[in-house]
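Single-structure report; data block below.
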Number of protein chains: 2
Amino acid sequence: MNALSAPDNLTAATPARSRERRQSVQAADTVVAVLKGLAGLGGGASLTTLAAHLDENPAKVHRYLVSLIDGGLVTQNANTQQYTLGLESMLIGLAAMRQADPIRIAEPALIHLREHLGITSFIAVMGNKGPTIVRMEEPSLPVTVNVRVGSVLSFLWSATGRVFLGLHDEPAVRALARQEFDTLGETQDPPAPFDTLVTQLQDEISRFECVCVRDTNLKGISAVAAPVFNYAGQLTAVLTALGASGGFDTSLNGPIAVCVRQQAQLISQQLGYNIA
Amino acid sequence: MNALSAPDNLTAATPARSRERRQSVQAADTVVAVLKGLAGLGGGASLTTLAAHLDENPAKVHRYLVSLIDGGLVTQNANTQQYTLGLESMLIGLAAMRQADPIRIAEPALIHLREHLGITSFIAVMGNKGPTIVRMEEPSLPVTVNVRVGSVLSFLWSATGRVFLGLHDEPAVRALARQEFDTLGETQDPPAPFDTLVTQLQDEISRFECVCVRDTNLKGISAVAAPVFNYAGQLTAVLTALGASGGFDTSLNGPIAVCVRQQAQLISQQLGYNIA
């Protein structure tokens with residue numbers, strides 16, 4: 001190792017040295033382009049196709065492919081001569097997925113909702129007791145509707161919970177929701193039979209990409225919730241905006257629903273959903 | 001192709017040019033090392049930690065990180081200053097996963113079994129009718145036990161099918177197996193009640209990492225089958241060796257079972273299983 005290192009600190013940057021640096025940056029950019037090029041071509045391509053895609057000299061592309069093969073990021077198929085992304089690329093991707101934290105990635109969306117619409121919003125994930133608020137932003141207004149981080153929300157009555165009820169099909173999660181349903185008791189009528197409710201919600205979310213409620217969870221409070229998906233297409237979080245029903249537009253094409261949907265889609269994209 | 005070909009075709013390779021080439025190869029190697037280093041550190045690290053891990057000068061590592069950030073492969077967290085693998089790394093990994101074809105990757109294992117043990121082996125995946133043979137290798141002996149690519153195997157009586165029955169828990173697959181079970185009719189007794197059978201197989205596979213059968217599927221034929229898992233830990237294929245019961249050792253510590261298990265694990269590793 002140490003191709004260009006220690007001298008960097010010891011000697012002043014001569015023109016020759018700064019040319020070397022420029023070259024190493026160009027080389028790094030080319031490696032990035034080759035990897036992204038292979039990914040863009042579905043993970044594998046011939047040298048000719050890849051070089052044409054990158055608008056680069058095949059000999060130059062080949063030189064970089066050799067380094068990538070040495071490093072295990074690319075393999076060459078002995079039969080087809082195609083270059084394909086290899087095991088190390090997969091492991092790098094898996095490490096990137098572990099880093100792709102929906103809570104951290106959702107932060108700009110919460111701030112966007114606060115700054116552009118002046119509303120309270122939060123991100124919820126599935127905890128072991130149900131849909132759980134993990135991050136919240138509220139506008140700095142004299143009176144705001146507020147939620148508490150750590151709160152577990154109803155599957156049946158909250159917009160957030162309804163998204164989880166419709167789309168989170170793990171048996172353990174369904175069992176939690178069913179438990180809430182079965183203990184409704186005499187005080188409250190269920191919105192529909194359990195399985196009907198799930199089907200209705202699935203239909204609603206696939207058509208409108210969000211769930212809106214008015215006064216169902218708390219009297220006087222309305223909310224719009226939209227699903228956040230990960231690279232595998234699994235529901236990984238729910239983004240929700242809420243406010244006092246009087247001044248809160250829950251119509252499907254109103255500014256709040258449009259913005260919540262857009263921001264949820266942006267988070268999903270950042271988590272690798274549906275782009276590739 | 002040749003590392004020293006094109007732009008390069010036009011000018012004679014001067015010492016300066018060949019030094020440039022060496023530098024670009026070194027730069028490519030460093031980019032690969034930085035990406036693998038970040039993955040090895042769980043997907044994110046501070047500059048100091050990463051440079052120490054790579055045994056490189058931090059200033060040099062930083063220069064490469066800048067290229068990777070420009071390309072979207074790495075992001076820097078504004079709060080913690082940590083460098084983490086980003087969205088483009090995830091997309092490269094997803095493309096690598098799509099390329100990670102268990103059938104292609106299993107080919108050397110089938111050849112290994114043929115060459116080292118002189119036995120017939122095949123790889124099966126879950127088709128829409130059940131466990132289906134998709135690739136086969138047989139030794140060039142005068143008499144061999146043979147299988148046909150495209151054949152669908154029994155969930156209940158074949159070693160291959162039993163691995164799928166134990167580990168493939170998709171409802172559609174279980175339904176196919178149940179259908180076979182329910183139509184056994186009066187001619188054959190089931191090996192056990194359905195749910196007991198599934199539990200027994202799960203237990204057997206988790207303890208021995210393979211399933212051995214003698215004469216259950218076809219009189220006079222024995223087989224050893226081992227599961228192949230993908231990066232997500234899902235059963236993605238089954239590797240099976242088979243032969244005439246007379247000369248085929250199905251003992252759990254015999255050379256065939258040991259070799260089939262080892263080869264199945266090698267394929268799984270190549271598919272990104274359990275390494276990261």
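All heavy atoms count here, side chains included; hydrogens, waters and symmetry mates do not. Lettering of chains follows the sequences in order, A, B, ..., and the numbering in each one begins at 1.
- Here the shortest heavy-atom pairing between M90(B) and A100(A) reads CE-CB, 3.5 Å.
- If you measure heavy-atom distances from R22(B) to chain A, you find no contacts under 4.5 Å at all.
- Interface summary for chain A: among I92(B), D70(B), T75(B), N77(B), the most heavy-atom pairs under 4.5 angstrom belong to I92(B).
- Side-chain atoms of R63(B) and S24(A), non-hydrogen and from C-beta on, do get closer than 4.5 Å to each other.
- For the residue pair L87(B) and Q270(A), the shortest heavy atom distance occurs at CD1-O, 3.6 Å.
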Acceptor/donor pairs from residues 28-48 of chain A side chains to any protein atom, 3.5 angstrom cut, sequence neighbours excluded:
| from | atom 1 | to | atom 2 | distance (Å) |
| --- | --- | --- | --- | --- |
| D29(A) | OD1 | S67(B) | OG | 3.0 |
| T30(A) | OG1 | Q26(A) | O | 2.9 |
| K36(A) | NZ | G71(B) | O | 2.7 |
| S46(A) | OG | T49(A) | N | 3.1 |
| S46(A) | OG | T49(A) | OG1 | 2.8 |

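- Contact annotation for I105(B): neither backbone nor side-chain heavy atoms come within less than 4.5 Å of a heavy atom of chain A.
- Here OG1 of T84(B) is found 10.0 Å from CG of D101(A). Values are rounded to the nearest 0.5 Å.
- With sequence neighbours left out, the salt bridge (Lys or Arg N to Asp or Glu O under 4.0 Å) criterion links R261(A) to no other residue.
- More than 12 heavy-atom neighbours from other residues, nucleotides or ligands sit within 6.0 angstrom of CD on Q202(A).
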